[in-house]
Amino acid sequence: MTTTPPAPEVQPEAGAPAIQVLDLHKSFGENEVLKGINFHVDHAEVVCVIGPSGSGKSTLLRCVNRLEEPTSGKIIVEGIDITDEETDLDKVRTRIGMVFQQFNLFPHMTVLRNLTIAQQRAKKRDRAEAEAIARENLEKVGMADREDAFPAHLSGGQQQRVAIARALSMNPDMMLFDEPTSALDPELVGDVLDVMKALAGSGMTMMVVTHEMGFAREVGDKLVFMDGGVIVEEGDPVEVLANPQHQRTQSFLSKVL
Ligand code: ADP
Ligand code: MG
């Protein structure tokens, strides 16, 4: 006979963290990729997620904005249960900005159009307003002078900064980054990290999957180490990196540091 554990407590909206993940499980067929994840992200907090390839980091981020449907467990974003079938996912997604390793800009559109199209469609902004907001955000990422360029004519680092500006143009409450610098030539990484650092400094709530330990140490408020679909260890980035408590964390860090 099996017993079902009691459903996790859900906090009320007032004073709720930005993101709460409660006993999250995700399987693809027989493959259980997330095996009971619990954590939260506070407002204006930067949480960095590290771990070996295949440990479930991308799946976790994709569950948080419901690009993947969790198998069980709860995810509460700004007090809204996004795992509840009644929740309007389109509305939730416009509140969460996502930046991927492979920029995912529309290749046949100019930089400016890349930033205005979703604003006009999902936010119902008129063109002039959308362009004004786009230009503000291009300025923030240092790409104001390239609004007429097509993505193919930009470096990877420039494309990624445009992708960040595009996400910001939707005025998200939080930003999720999935290895945003992993596809970049080493000399282009710094510009993207600088933009992310400034964003963190402006008070944006951020979840960042990254292999950039320097960024995690300097900018992160919390570091989460995942392995095999579980959180093995989490804590202050400076402490976790200097003094990992678990053998699996030590072994991973000895390979990447
Ligand atoms: P990470 O980002 O830490 O490298 P992922 O979350 O991408 O890990 O993948 C974890 C595991 O989930 C891998 O074994 C991967 O093959 C599997 N996986 C991820 N997405 C899918 C999918 N859409 N269908 C089937 N398996 C998947
Ligand atoms: Mg990944």
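Residues V21 and V209 share a single hydrophobic cluster, defined by chaining ILVMFWY side chains whose heavy atoms lie under 4.5 Å apart. Taking hydrophobic clusters as Ile, Leu, Val, Met, Phe, Trp and Tyr residues chained together by side-chain heavy-atom distances below 4.5 Å, F225 does not share a cluster with L176. With hydrophobic clusters built from ILVMFWY side chains whose heavy atoms lie under 4.5 angstrom apart, L223 shares a cluster with L253. Residues I50 and V240 are members of one and the same hydrophobic cluster, defined by side-chain heavy-atom contacts under 4.5 angstrom among Ile, Leu, Val, Met, Phe, Trp and Tyr. V41 and L199 fall into different hydrophobic clusters, where Ile, Leu, Val, Met, Phe, Trp and Tyr are joined by side-chain heavy atoms under 4.5 Å apart, directly or via other members.
Listed by first and then second residue, the salt bridge (charged side-chain N to carboxylate O under 4.0 Å, His left out) pairs that reach into residues 27-40 come to none, sequence neighbours excluded. Within the structure, salt bridge (charged side-chain N to carboxylate O under 4.0 Å, His left out) contacts touching residues 94-114 (residues at least two apart or in different chains) are R95-D173.
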Applying salt bridge (Lys or Arg N to Asp or Glu O under 4.0 Å) to K222 and D236, what does each step give before you reach the verdict?
CA-CA 5 Å; K222 191 155 79 189; D236 177 69; over 6 Å; no

If you apply the rule side chain to side chain contact (heavy atoms under 4.5 Å, CB included), what do you find for L184 with F103, and how did you get there?
CA-CA 10 Å; L184 301 179; F103 335 129; 3.7 Å; yes

Verdict with reasoning, I19 to M207, per side chain to side chain contact (heavy atoms under 4.5 Å, CB included):
CA-CA 10 Å; I19 304 170; M207 233 181 120; 4.1 Å; yes

One pair to check against side chain to side chain contact (heavy atoms under 4.5 Å, CB included): I164 and V192. What are the steps and the verdict?
CA-CA 9 Å; I164 293 171; V192 172; 4.2 Å; yes

Could you go through the side chain to side chain contact (heavy atoms under 4.5 Å, CB included) check for E179 and T210 one step at a time?
CA-CA 5 Å; E179 299 198 33; T210 186; over 6 Å; no

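Contact between H211 and G51 at its shortest, heavy atoms only, is CE1-O, 4.0 Å. Contact detail for F177 and M206: the closest heavy-atom pair is CE1-CE, 3.7 Å. The minimum heavy-atom distance between P237 and A216, with the atom names listed, is CB-O, 3.3 Å. What you find for C63 and L34 is that their closest heavy atoms are SG-CD1, 4.2 Å. S254 and S251 get closest at one heavy-atom pair: OG-O, 2.8 Å. Contact record, S169 with L115: OG-CD2, 3.8 Å, taken as the closest heavy-atom pair.
Taken to the nearest 0.5 Å, the CE atom of M204 stands 11.5 Å off from the CE atom of M196. For the atom pair CD (E234) and OG1 (T249), the distance works out to 11.0 Å, reported to the nearest 0.5 Å. From F100, atom CZ reaches atom CG of L61 across 9.0 Å, with rounding to the nearest 0.5 Å. Interatomic distance, Q247 CD to E233 CD, rounded to the nearest 0.5 Å: 11.0 Å. Distance check, rounded to the nearest 0.5 Å: CD1 of I75 to CG of D23 gives 11.5 Å. With rounding to the nearest 0.5 Å, the separation of CG in N243 from CD in Q250 is 8.0 Å.
Within the 3.5 Å criterion, the main-chain N or O of S27 finds a donor-acceptor partner in the side chain of T71. Checked by atom type and distance alone, the side chain of D185 never pairs as donor or acceptor with a backbone atom of L188 at under 3.5 Å. R93 places a side-chain N or O within donor-acceptor distance of the main-chain N or O of N65, the cut-off being under 3.5 Å. The backbone N or O of A16 sits nowhere less than 3.5 Å from a side-chain atom of H40 that would complete a donor-acceptor pair. Between the side chain of T205 and the main chain of M174, no donor-acceptor pair closer than 3.5 Å is present. Checking side-chain atoms of D221 against main-chain N and O of V46 turns up a donor-acceptor pair under 3.5 Å. A donor-acceptor pair is defined here as one N or O able to donate and one able to accept, closer than 3.5 Å; no such pair exists between the side chain of E239 and the backbone of G235. S55 contributes no side-chain N or O that, together with a main-chain N or O of G229, makes up a donor-acceptor pair within less than 3.5 Å. The main-chain N or O of I82 is found under 3.5 Å from a side-chain atom of R66 such that the two form a donor-acceptor pair. Between the R217 side chain and the L241 main chain, no donor and acceptor come within less than 3.5 Å of each other.
Under the 4.5 Å side-chain criterion, counting only non-hydrogen atoms from C-beta, V208 is not in contact with M175. No side-chain heavy atom of L138 sits less than 4.5 Å from a side-chain heavy atom of K140. You'll find the side chain of H153 stays beyond 4.5 Å of the side chain of Q158, heavy atoms only. The shortest side-chain heavy-atom distance between D178 and M98 falls under the 4.5 Å cut-off. Within the 4.5 Å cutoff, the side chain of R135 has heavy atoms near those of the L112 side chain. Side-chain contact between I96 and P172: absent, with no pair of heavy atoms (C-beta onward) separated by less than 4.5 Å. Side-chain contact between I37 and H25: absent, with no pair of heavy atoms (C-beta onward) separated by less than 4.5 Å. In this structure, F150 and V111 have side chains that are not in contact, with every pair of non-hydrogen atoms separated by 4.5 Å or more.
Crowding of K91 atom NZ: a count of heavy atoms from other residues, nucleotides or ligands under 6.0 Å not exceeding 12. Counting non-hydrogen atoms of neighbouring residues, nucleotides and ligands closer than 6.0 angstrom, the NE2 atom of H246 exceeds 12 such neighbours. No more than 12 heavy atoms of other residues, nucleotides or ligands lie within 6.0 Å of CD in E69, so this atom counts as exposed by the packing criterion. E139 CD: 12 or fewer foreign heavy atoms inside a 6.0 Å radius.
For the ring pair (Phe, Tyr, Trp, His ring centres under 6.0 Å) test, no residue two or more places apart in sequence or in another chain qualifies with F215.
When only modelled atom types and interatomic distance are considered, T110 and D148 share no side-chain donor-acceptor pair under 3.5 Å. Neither side chain, R125 nor Q120, offers a donor N or O lying under 3.5 Å from an acceptor on the other. E131 and T116 share no donor-acceptor pair across their side chains, judged by distance under 3.5 Å alone.
Cation-pi check for R166 over F106 is met; the charged atom lies under 6.0 angstrom from the ring centroid and within 45 degrees of its normal. Under a cutoff of 6.0 Å and an axis angle of 45°, K255 and F252 do not form a cation-pi pair.
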